[in-house]
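One-based numbering, in listed order, for ligands and for the atoms of each. In this chain, numbering begins with 1 at the start of the sequence shown.
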Amino acid sequence: MRVSDSKIVAKLAELNVELQHSASLSDLTSLGIGGTTDLLRIKSHESLPDLLNLLDTNHVPHKFLGGGSNLLVGDGDLPWVVLQLVRSEPDVVLDGNLAHVDAAADLGRMITFCAKNDLGGMEGLIGVPGTVGGALRMNAGAYGMQIGTYVREVKVYRAASRKIEVLRDHQISFEYRHTSFAPDDMMLAVILELPSKPYKEILQGIRICNEKRRSSQPLGQKSAGCIFKNPPGVSAGRMIDELGLKRLSVGDAQVSDRHANFFVNAGHASAKDMQSLIADVRERVQKSFGVSLENEVVVWNA
Ligand code: EPU
C-alpha cells in the first residue's frame, strides 16, 4: 500500500514520522519472507495518538512491527502500511534493580547490558532475536523463565482508548506465549525489576543457554523461532520429529533438520510455501497424535 496523498505526507512529517516507500518486509523479518508496503518510522511516542487518528480518518490500514523475528508476512503488494518505532538513545537506563527499557531496544543487547551491571534473571532469553517490545507482547520465554515475571510497568499505546497508558504488572496477565494486550496495542517502554547477581555468575548462565541453543536450534538459518506453541505437557518439535518430518519442504520452506519446530527459509521461500508447509505438518500431527497445533508464529496475511 502506498501513502501518496500529499496532505497525509505533509502531516506525517509534522508528526516526526519518517515515510519510507515500498519497504520490503523480507528485509525486516528474520524469516526473510514478505511483500512490500510503505513503512512509517515513528520517532516520538507522543505522536502516536495523532498518527493513528490520521491513518483512521483517511482509511489507511496499518500494522505494528517490532523486531520481525516471530512473524510470517504475506507475499506481494501488502494491503496495509507498517508502523515501527525508532529506538530511543539510550534505550536502557538503570536505577537500582529497575531497568527502564525502550520497547524498540534489542533484547540480547539489553540482557547483556543489564548483566554487565550485575542484574540477571533474563539469561534464558539470550540468543532470542527481536526487540524487548516483541518479547513482552508474546511473553517470550525459554529454559524455565519468561519475561513477564520481571515486568513492573508497561507504557503502551492502547488501540481501544486511543491513548498512551501506563499499566502496572497486576493489570497485565502473562501466560505461556500470551499476554492480555490487544493485538493492536503497541508496546512503547517497560520497567523490569531484575535480581542482583554478580556478572560472572550471569555470564555462566548465558554461556550455558547459548550452548544449549546452538546445539539444538538452527541459529544460522532464516527462521521465526518455533512455528507452533507446545500443547500442554508435550513438545511440538518432538512430535514432528517422531513423524520423520525433518527436511520436509514446500519450495524453499523447510522443516529444520536440527529442530523440527523450526521451519527455515532455505533460499527464496514465499509466504505461500511456508503456509502450505505449516498446514501440511499441522494436518499430519492432527492425524497421528490427535493434537491440534496452534501457531506460535504471528501471521500477517496479504
Ligand atoms: N525434540 C526432539 N526433536 C526435535 C526437537 C525437540 O526430539 O526436533 C525433543 C528434545 O530432545 C527435548 C524436547 O523435544 O527432549 C523439548 O525440546 P526443546 O528443549 O528444544 O524445547 P521445545 O519444547 O521444543 C521450547 C520453546 C523454545 C525454547 C526452548 C528452550 C516453545 C514452542 N518452544 O522448545 O522457544 O527456546 O523450549 O527453552 O515453547 C520459541 O518460542 O520460538 C522457541 C524456540
Handout entry: Ion pair check, Glu211 and Arg213, cut-off under 4.0 Å
Key = no
Handout entry: Ion pair check, Arg87 and Asp102, cut-off under 4.0 Å
Key = no
Exercise for the section: Out of His259, Arg213, Gln146, indicate the one that has the non-hydrogen atom closest to atom 20 (O) of ligand 1. Expected result: His259
Problem - Where ligand 1 meets Gly225 - atom numbers and elements under 4.0 angstrom, heavy-atom basis - result: 42 (O)
Handout entry: Within-shell test, Lys246 vs ligand 1, heavy atom, strictly < 4.0 Å
Key = yes
Handout entry: Per-atom contacts, ligand 1 versus Asp241 - under 4.0 Å to a heavy atom
Key = 2 (C), 3 (N), 4 (C), 7 (O), 8 (O)
Handout entry: Tyr176 ring center within less than 6.0 Å of His178 ring center
Key = no
Completion exercise
Of all protein heavy atoms, the one nearest atom 26 (C) of ligand 1 is Arg177 NH2, 3.5 Å
Problem - Any N or O of Asn230 closer than 3.5 Å to N or O of ligand 1 - result: yes
Handout entry: Carboxylate-amine/guanidinium proximity below 4.0 Å for Asp184 and Arg158
Key = no
Completion exercise
Closest to atom 43 (C) of ligand 1 (heavy atoms only, candidates Ser235, Cys226, Ser256, Gly124) is Cys226
Practice task
May I ask you to list the atoms of ligand 1 that are less than 4.0 angstrom from any heavy atom of Phe262?
Solution key: 44 (C)
Problem - Nearest-contact summary for atom 11 (O) of ligand 1 - protein heavy atom, Å - result: Arg238 NH2, 4.9 Å
Practice task
Look at the side-chain heavy atoms of Ile, Leu, Val, Met, Phe, Trp and Tyr, link any pair under 4.5 Å apart, and say whether Val17 and Val82 land in one connected group.
Solution key: no
Exercise for the section: Would you mind listing which atoms of ligand 1 come within a distance below 4.0 Å of any non-hydrogen atom of Phe228? Expected result: 32 (C)
Problem - Donor-acceptor pair, side chain of Arg137 and main chain of Asp185, under 3.5 angstrom - result: yes
Problem - Salt-bridge present (Glu123, Arg207; N to O < 4.0 Å) - result: no
Practice task
Would you mind running through ligand 1 and noting each atom that sits below 4.0 Å from a heavy atom of Tyr176?
Solution key: 31 (C), 32 (C), 39 (O)
Problem - Electrostatic pair Asp241:Lys246 at N-O distance under 4.0 angstrom - result: yes
Exercise for the section: For atom 35 (O) of ligand 1, state whether the nearest protein heavy atom is under 4.0 Å away. Expected result: yes
Practice task
Please determine if Lys155 and Glu46 form a salt bridge, counting it only when a charged side-chain N lies under 4.0 Å from a carboxylate O.
Solution key: yes
Practice task
Could you check atom 38 (O) of ligand 1 against the protein and tell me its nearest heavy-atom contact, residue, atom and distance included?
Solution key: Tyr143 N, 2.7 Å
Exercise for the section: Could you list which atoms of ligand 1 come closer than 4.0 Å to a heavy atom of Gly237? Expected result: 3 (N), 4 (C), 5 (C), 8 (O)
Exercise for the section: Please say which of Arg282, Arg177, Lys229 ends up in a side chain to side chain donor-acceptor pair (under 3.5 Å) with Glu294. Expected result: Lys229
Handout entry: Nearest protein heavy atom with distance in Å, relative to atom 29 (C) of ligand 1
Key = Gln217 NE2, 4.2 Å
Practice task
Decide whether Leu52 and Trp300 are clustered together by the hydrophobic rule: side chain heavy atoms of Ile, Leu, Val, Met, Phe, Trp, Tyr closer than 4.5 Å, transitively.
Solution key: no
Problem - Atoms of ligand 1, numbered as shown, that sit under 4.0 Å from any heavy atom of Glu296 - result: 40 (C), 41 (O), 42 (O)
Fill in the blank from the handout: If we number the atoms of ligand 1 from 1 as shown, the ones under 4.0 Å from a heavy atom of Ala260 are 4 (C), 8 (O)
